[in-house]
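What follows is a single structure, written as structure tokens, with notes after it.
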Amino acid sequence: MIKKYICLLLGVSLATTAYPQSKTQSTDWVELVNPIIGTDSKPSLSNGNTYPAIALPWGMNFWMPQTGKMGDGWAYTYAADKIRGFKQTHQPSPWMNDYGQFSIMPVTGKLRVDQDERASWYSHKAEVAKPYYYSVYLADHDVTTEIAPTERAASFRFTFPKTDSSFVVIDAFDKGSYIKVLPKERKIIGYTTRNSGGVPKNFKNYFVIYFDKPFSSAQTWRDKRLVSDSLELTANHAGAAIGFKTAKGEQVQARIASSFISFEQAELNLKEIGTDSFDAVKQKAKAAWNKELSRIQVEGGSLAQQQTFYSCLYRSLLFPRKFFEFDANKKVVHYSPYNGQVLPGYMFTDTGFWDTFRSLFPFLNLMYPSLNAQMQEGLANAYKEGGWLPEWASPGLRSVMVGSNSASVIADAYLKGGRGYDINTLYEAVLKNSENEGPMDAVGRRGVQYYNKLGYVPYDVKINENAARTLEYAYDDFAIYQLAKALKRPQAEIDRFAKRCQNYRNLFDKQSGWMRGKNEDGSFQSPFNPFKWGDAFTEGNSWHYTWSVFHDVQGLINLMGGQQKFVAKLDSVFTTPPVYDESYYRSVIHEIREMQIANMGQYAHGNQPIQHMIYLYNYAGEPWKAQYWLREVMNRLYLPTPDGYCGDEDNGQTSAWYVFTAMGFYPVCPATDQYVIGAPLFKKVTATLENGKKVVINAPANSDSNRYINALRLNGKSYDKNWLSHQGLLQGATIDVDMSATPNKQRGTQAAAFPFSISAKQD
């Protein structure tokens, strides 16, 4: 731990001081991305829990080098020294694990099909990882493997030595798989069923592989044993091995595609490559990434800061993934992970709204509203096919986390202008959630009968994480209230959610000053320890969840006794030592350890509940403190290194936090029109919106020391508010920021400058 902490401090120093200010403007944005960031992780300590996703933005299929064993969620870890194969993956996180997975691995010499026996030593020094391209030298086989992706297919290139014993092993994994070799067509087909839940009984991932060189040998294998008498095999664990005679430096290429629908659809998906050479696929993939990454162009800052920014932007453009395909008539179709049928329309998956409602989906609403409209159609399809909104989909319903934050995702998209999808069906789904428990804990609202009757989920009725549920339901009710108004729903319905969104008040204990579990009889839980993780809260404690009143910060300020006490409480988050009570979990979970080693007191940025907290200084008249601490978090906790995150990256949420914060504003309360101002990280940011308008943030005096806003002008006029309007940004905006080394303690201090709170609005 001490060694890792010293490395963290050294990394901070490099990130903030060692690199010169960049003077040249890049046009090759993807070259600033490092997909290896966050891969130096393990179950006991997450520095991101990521893997190098070789993919197109929101691609249906990703590819990755596989260092972990089959079925291990930690499929690629930076500390590993052997590669077992190159895996098609749909894994959103190691905790959720994978589905639709199979691998391909070149081997030379004696044919070895077992994952341990075929594994090869490799070095990061002989590894190139880009979003659009991966290359690595496999030392034991003297083979270089290269990968270039499309959305549903990939091109492989293997550079072999001179030998008559070159092989490629195809592994369809265990839990039920099929393989067939067609030598005359230089083709292999197969399917894998291995998954981690959330799939119907008929789930399969069908794949097709074509090679550009005739096979000199072909075999199938079952478990670890070669099968000599059949080129077609259905087994618990099926695979194939094909052989070649190769000259020194000879390149063998493979084209691979897959489908969740059928072999025929996989063949259609392979047309994404068509007759393109490997290099053409690679260049098209690179161009696709540069197109998206160039939507936000940053200037100034250090090289490390630019690398961190674009790496975070890359992570913000991966999930939720496209789970749809194009049929022979080029119509959008999808295999439903909810009912197992092939149906028309969009489907997206691999995201958990508990994480991503906070900044990832608001980021899509700002920069990619048309894509997010497709995602909303996908949500409507998920509801129609499964009967419930998926709070965590991978690929179908998973029982993970709490809340009904689909309400926020749906409301924010519509309120920010999303159209062209069935909002009425989505509103019906949101209403169903608000009144019903689902078929599993994380679907619908667990404890809803108590919540709707008492105004909270009680601590003593055997419903875990009850305070967290209450606070999130209250915010989600605010989102429903906002959406109900926009849809002109009956006034009684609007009033119901206006009242319920105040339920957060029921858990605030004025005596202790904390959000606290409450028993069914109205008494607070006792004993109570605000440092206790879990129990009434989700992966956090009262230090983190007390701030979860996104829609009514003024109401929370009032409960705490006014601005001065509120600010003092915010300050104490950073000054209180990182002590904790882990007794609920009976061990120190990784989220606790990540808070402890960050050396920022009780501030646990590695998990989502507190990620908005720093911005709350803007609601209490001391915005300069937000400016200070936001820069501290960016400097200390985000680095362009294998340990560059401070906890789980979580499908773009932690990355989108950085992208927003580096731009200088953040969506504290989705389902409102406002972004709360922090302070920009770079000298200039130019964001090109989908409508062609530009948002330009100029901060020419920005530097490591000049982190405070002295003055701000919006479209040439002095602007003293602590928030920006979404609708205003959509019109195009130029934001000029005068940065200073000393805080301006007059700007943004009056109530008229504060961001939205429903209590302030009602007053």
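What's counted below: heavy atoms across the whole structure, side chains too, no hydrogens, waters or symmetry copies.
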For residues [X] and [Y], is any side-chain donor paired with an opposing acceptor at under 3.5 Å?
X: Asn405; Y: Glu391; answer: no
X: Glu690; Y: Ser370; answer: yes
X: Ser523; Y: Asn519; answer: yes
X: Asn202; Y: Tyr335; answer: yes
X: Glu582; Y: Ser587; answer: no
X: Thr351; Y: Asn651; answer: no
X: Asp552; Y: Tyr504; answer: yes
X: Asn607; Y: Glu591; answer: no
X: Tyr383; Y: Glu428; answer: yes
X: Tyr451; Y: Asp477; answer: yes
X: Ser725; Y: Asp673; answer: yes

Any [X] side-chain heavy atom under 4.5 Å of [Y] side chain:
X: Thr89; Y: Gln101; value: no
X: Gln602; Y: Asn541; value: yes
X: Ile410; Y: Ile423; value: yes
X: His590; Y: Trp95; value: yes
X: Phe550; Y: Thr672; value: no
X: Arg152; Y: Lys322; value: yes
X: Leu313; Y: Phe363; value: yes

Name the orientation class of the two ring planes belonging to Phe660 and Tyr675 (parallel below 30°, tilted from 30 to 60°, perpendicular beyond 60°).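 Phe660 and Tyr675: tilted rings.
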
Should the pair Lys416-Asp412 be classified as a salt bridge under the 4.0 Å nitrogen-to-oxygen rule?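 Result for this pair is yes, salt bridge flagged.
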
Would Arg419 pass as a cation-pi partner of Tyr414, given that its NZ or CZ must be under 6.0 Å from the six-membered ring centre and within 45 degrees of the axis?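 Positive - Arg419 is close enough to the ring of Tyr414 and near enough to its axis.
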
Are Arg445 and Tyr473 in a cation-pi setup, meaning NZ or CZ lies under 6.0 angstrom from the ring centre and within 45 degrees of the ring axis?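 Yes, a cation-pi geometry.
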
Nearest-0.5 Å distance, CG of residue Leu426 to CG of residue Leu389: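 It comes to 6.5 Å.
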
Can you name the salt bridge (charged side-chain N to carboxylate O under 4.0 Å, His left out) partners of Asp441, sequence neighbours left out?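 Counting only residues at least two positions away or on another chain, Asp441 forms a salt bridge (charged side-chain N to carboxylate O under 4.0 Å, His left out) with Arg446.
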
Could you check Trp58, Trp392, Tyr99 and say which one makes a side-chain hydrogen bond (donor to acceptor under 3.5 Å, both in side chains) with Asp350?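 The side-chain hydrogen bond (donor to acceptor under 3.5 Å, both in side chains) with Asp350 is passed solely by Tyr99 among Trp58, Trp392, Tyr99.
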
Quick one: do Phe62 and His90 satisfy side chain to side chain contact (heavy atoms under 4.5 Å, CB included)? Show the steps, please. CA-CA 6 Å; Phe62 297 175; His90 302 90; over 6 Å; no

